[in-house]
Q: 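First the structure, then my questions, so here it is.
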Amino acid sequence: MPEVYVNSFCQISVQNPLSDNWTIEPKCFEGKKLVELCDPDYKKYFSSSVLRRNGNLLRRAMLVSQTAVEMSGLQGVDAVITGTGLGAVENTEAFLKQLIYSGEEFLKPSYFMQSTHNTASSAVAIHLKCNGYNSTYCQKSLSFESAMLDAFLQISGSEIKSAFVGGFDEVTPDYFTILEKQGYLGGAMSGFAASSAAGGVLSCVKNSEAHCKVASVNMVYCSNNKDLIDAFEKTLTESGIKKNELTAIVSGMDGMPANDEVYLQNLCQLGVSCPILKVSHIFGECYTASAYAFYAAVECFKAEKIFSVLTAGNELVNPQNILLYRHCNNKNHSFILLKKC
């Protein structure tokens with residue numbers, strides 16, 4: 001069965017875009033509940049006509065995919081697979097506001113056409129000239145994991161040789177207000193919310209930039225602790241490692257007391273003793289924030305150390321196995337295990 005190598009992965013986030021400066025001097029957003037992404041100057045990458053046609057989400061998706069493919073050394077990819085919890089919310093809001101304020105007259109169709117969840121995958125495919133498999137997963141907090149599972153199964157099953165996999169979401173002020181009322185973001189949260197744009201190229205062929213591989217991806221609906229433990233042990237077995245060989249676990253703890261308590265209880269049930277990392281204080285939280293967790297883990301393998309900004313303590317050198325764990329409402333759980341290569 002072919003290995004699944006991570007040949008590249010990059011981000012546009014609240015930190016410096018398309019950069020790893022956050023590993024040394026991350027920007028601090030203490031006291032803020034919603035932070036805007038730090039967008040690069042898109043005029044350096046796209047023509048004015050492309051910029052006029054596409055909103056922020058699509059610009060980010062196209063630039064992340066373009067950069068990831070260039071970093072991978074490939075001419076193109078066989079598939080484009082993305083995850084999004086909300087889709088192009090900014091365009092959706094713009095269309096609805098225009099609908100209200102114009103009295104259902106003089107509506108711009110582009111806002112509506114680009115408001116669907118699968119817009120990012122479509123825009124990326126057109127930009128990369130990829131005519132192959134194209135899919136978008138909208139599974140709330142497990143959207144990126146669903147996309148990763150699809151790519152992992154297809155590459156390891158020799159259905160395709162490479163794929164661009166990404167997670168893209170927008171958190172606008174209006175939608176943040178709704179999520180805050182629902183208790184998903186804000187409120188007692190000690191962290192902050194932000195949009196997401198991160199992705200990379202997975203391939204069965206290892207390039208010079210590949211420092212890790214995806215060893216296992218599992219998603220499970222757990223009705224009891226036994227289901228969770230079985231899924232965890234299955235992930236370790238498929239990866240060919242033991243529990244004590246885990247270097248670290250990147251969790252989805254985001255500063256919400258109720259959410260963080262679930263992670264602490266579940267990790268205690270799993271009996272892990274390795275350091276627990278989190279990335280929400282660096283990149284923020286949203287439905288596809290796990291794409292940033294994946295990116296951070298890849299950067300750790302690349303630098304051959306786990307950065308102190310992730311551990312809130314000393315750096316850990318030479319990571320061998322990093323597990324990404326995330327849950328949604330403590331019912332749906334995901335495990336992604338990355339191994340050094």
Side-chain angles (χ1 to χ4, degrees), residues 9-39 60 85 140-145 167-171 173 175-176 179-180 183-198 247-267 272 274-303 305-316 319 322-328 334 336 338:
F9 220 87
C10 55
Q11 54 78 22
I12 295 175
S13 67
V14 296
Q15 303 294 330
N16 292 332
L18 307 176
S19 169
D20 59 1
N21 289 347
W22 62 271
T23 62
I24 302 172
E25 296 182 357
K27 296 179 182 178
C28 181
F29 304 99
E30 187 175 354
K32 293 187 177 182
K33 293 299 181 183
L34 177 62
V35 180
E36 292 186 4
L37 261 62
C38 181
D39 285 302
R60 294 163 185 162
K140 293 187 177 180
S141 295
L142 298 181
S143 299
F144 173 75
E145 289 83 349
F168 304 96
D169 264 310
E170 289 177 319
V171 182
Y175 208 90
F176 174 77
L179 294 176
E180 188 174 30
Y184 181 76
L185 295 173
M189 184 179 182
S190 61
F192 62 93
S195 303
S196 64
T247 306
I249 296 178
V250 185
S251 73
M253 290 191 286
D254 58 9
M256 290 289 281
N259 179 62
D260 290 0
E261 183 62 27
V262 171
Y263 278 106
L264 293 174
Q265 290 178 356
N266 288 346
L267 291 172
V272 295
C274 59
I276 309 300
L277 317 179
K278 65 175 184 177
V279 299
S280 62
H281 64 295
I282 298 175
F283 298 108
E285 181 63 27
C286 67
Y287 283 124
T288 48
S290 50
Y292 288 134
F294 190 96
Y295 159 73
V298 172
E299 287 296 307
C300 289
F301 282 109
K302 182 178 179 180
K305 63 181 179 181
I306 295 179
F307 308 105
S308 59
V309 295
L310 300 177
T311 63
N314 298 325
E315 292 182 345
L316 303 174
I322 298 179
L323 178 69
L324 281 67
Y325 167 53
R326 196 171 178 87
H327 79 84
C328 181
S334 70
I336 300 176
L338 298 177

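Bear in mind the structure is a predicted one, so any value in this text is a computation, not a measurement.
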Q: Starting at NZ of Lys33, measure out to CD of Glu180 and round the result to the nearest 0.5 Å.
A: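 Rounded to the nearest 0.5 Å, the NZ-CD separation comes out at 7.5 Å.
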
Q: For the OG atom of Ser251 and the CG atom of Leu323, what is their distance to the nearest 0.5 Å?
A: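 Result: 10.5 Å between the selected atoms.
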
Q: Any non-hydrogen side-chain atom of Ile276 less than 4.5 Å from a side-chain atom of Tyr263?
A: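 Side-chain contact under 4.5 Å: no.
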
Q: Go through it in stages, so that I can follow the logic: the residues are Glu170 and Arg60, the test is side chain to side chain contact (heavy atoms under 4.5 Å, CB included), and I'd like the CA-CA distance, side-chain angles, deciding distance and then a yes or no.
A: CA-CA 11 Å; Glu170 289 177 319; Arg60 294 163 185 162; 4.3 Å; yes

Q: As an exercise, state the distance from CD1 of Ile322 to CG of Leu310, rounded to the nearest 0.5 Å.
A: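 Atom-to-atom, Ile322:CD1 and Leu310:CG are 8.5 Å apart.
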
Q: How far apart are the C-alpha atoms of Val171 and Ser195, what are their side-chain angles, what is the distance that settles it, and do they pass the side chain to side chain contact (heavy atoms under 4.5 Å, CB included) test?
A: CA-CA 5 Å; Val171 182; Ser195 303; 4.3 Å; yes

Q: Considering only heavy atoms from C-beta outward, does the side chain of Phe283 approach that of Ser196 to under 4.5 Å?
A: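 No - every pair of side-chain heavy atoms lies 4.5 Å or more apart.
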
Q: Please find the pair of heavy atoms, one from Gly85 and one from Asp169, that lie closest to each other, and give the distance.
A: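 It is N-OD2, 2.9 Å.
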
Q: Quick check for you: to the nearest 0.5 Å, what is the distance between Ser143 atom OG and Phe168 atom CZ?
A: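 Reported to 0.5 Å precision, the distance equals 12.5 Å.
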
Q: Rounded at 0.5 Å granularity, tell me how far CD in Gln11 sits from CG in Leu18.
A: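 The distance works out to 6.5 Å.
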
Q: Please round to the nearest 0.5 Å and tell me the distance separating atom NZ of Lys278 and atom OG1 of Thr311.
A: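 Going from NZ on Lys278 over to OG1 on Thr311, the span is 12.0 Å.
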
Q: For Lys27 and Glu36: C-alpha separation, side-chain torsions, deciding distance, then whether salt bridge (Lys or Arg N to Asp or Glu O under 4.0 Å) applies.
A: CA-CA 12 Å; Lys27 296 179 182 178; Glu36 292 186 4; over 6 Å; no

Q: For the residue pair Arg326 and Ile336, establish whether any side-chain heavy-atom pair is separated by less than 4.5 Å.
A: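 No - every pair of side-chain heavy atoms lies 4.5 Å or more apart.
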
Q: Identify the two heavy atoms, one from Cys300 and one from Pro319, that lie closest to each other, and give their separation to 0.1 Å.
A: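 Shortest heavy-atom separation between Cys300 and Pro319 comes out as O-CG, 3.8 Å.
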
Q: Does a side-chain heavy-atom distance below 4.5 Å link Ser280 with Met253?
A: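 Not in contact.
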
Q: How far apart are the closest heavy atoms of Ser141 and Ser290, and which atoms are they?
A: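 So the minimum-distance heavy-atom pair works out to O-OG, 4.4 Å.
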
Q: Can you name the nearest heavy-atom pair linking Leu34 to Pro173, along with the distance?
A: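 Where Leu34 meets Pro173 most closely, the heavy atoms are CD2-CA, 3.7 Å.
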
Q: For Trp22 and Tyr295, take the angle between the two ring planes, folded into 0 to 90°, and tell me which bin it lands in: parallel under 30, tilted 30 to 60, perpendicular over 60.
A: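 Because their plane-to-plane angle lies in the 30° to 60° range, the rings of Trp22 and Tyr295 count as tilted.
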
Q: Which of these passes side chain to side chain contact (heavy atoms under 4.5 Å, CB included) with Val279: Val250, Val309, Asp254?
A: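 The side chain to side chain contact (heavy atoms under 4.5 Å, CB included) with Val279 is passed solely by Val250 among Val250, Val309, Asp254.
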
Q: Can you name the closest pair of heavy atoms from Cys328 and Lys140 and give their distance?
A: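 Here Cys328 and Lys140 meet closest at SG-CB, 4.4 Å.
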
Q: Heavy-atom distance under 4.5 Å between the side chains of Ile306 and Pro275, does that happen here?
A: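 Answer no - side chains too far apart.
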
Q: Mind checking whether Phe294 and Phe144 have parallel, tilted or perpendicular rings, split at 30° and 60°?
A: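 Aromatic pair Phe294/Phe144 classed perpendicular.
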
Q: Measure the shortest side-chain to side-chain distance between Cys274 and Ile249 over non-hydrogen atoms and say whether it is less than 4.5 angstrom.
A: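 Yes, close enough: below the 4.5 Å cut-off.
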
Q: Dump the intermediate steps for side-chain hydrogen bond (donor to acceptor under 3.5 Å, both in side chains) on Glu299 and Thr23, then the final yes or no.
A: CA-CA 9 Å; Glu299 287 296 307; Thr23 62; over 6 Å; no

Q: Within the 4.5 Å heavy-atom criterion, are Glu145 and Leu324 side-chain neighbours or not?
A: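 No, too far: nothing below the 4.5 Å cut-off.
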
Q: Determine whether Leu179 and Tyr287 make a side-chain contact, defined as any pair of heavy atoms from C-beta on separated by less than 4.5 Å.
A: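 Sidechains of Tyr287 and Leu179: in contact.
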
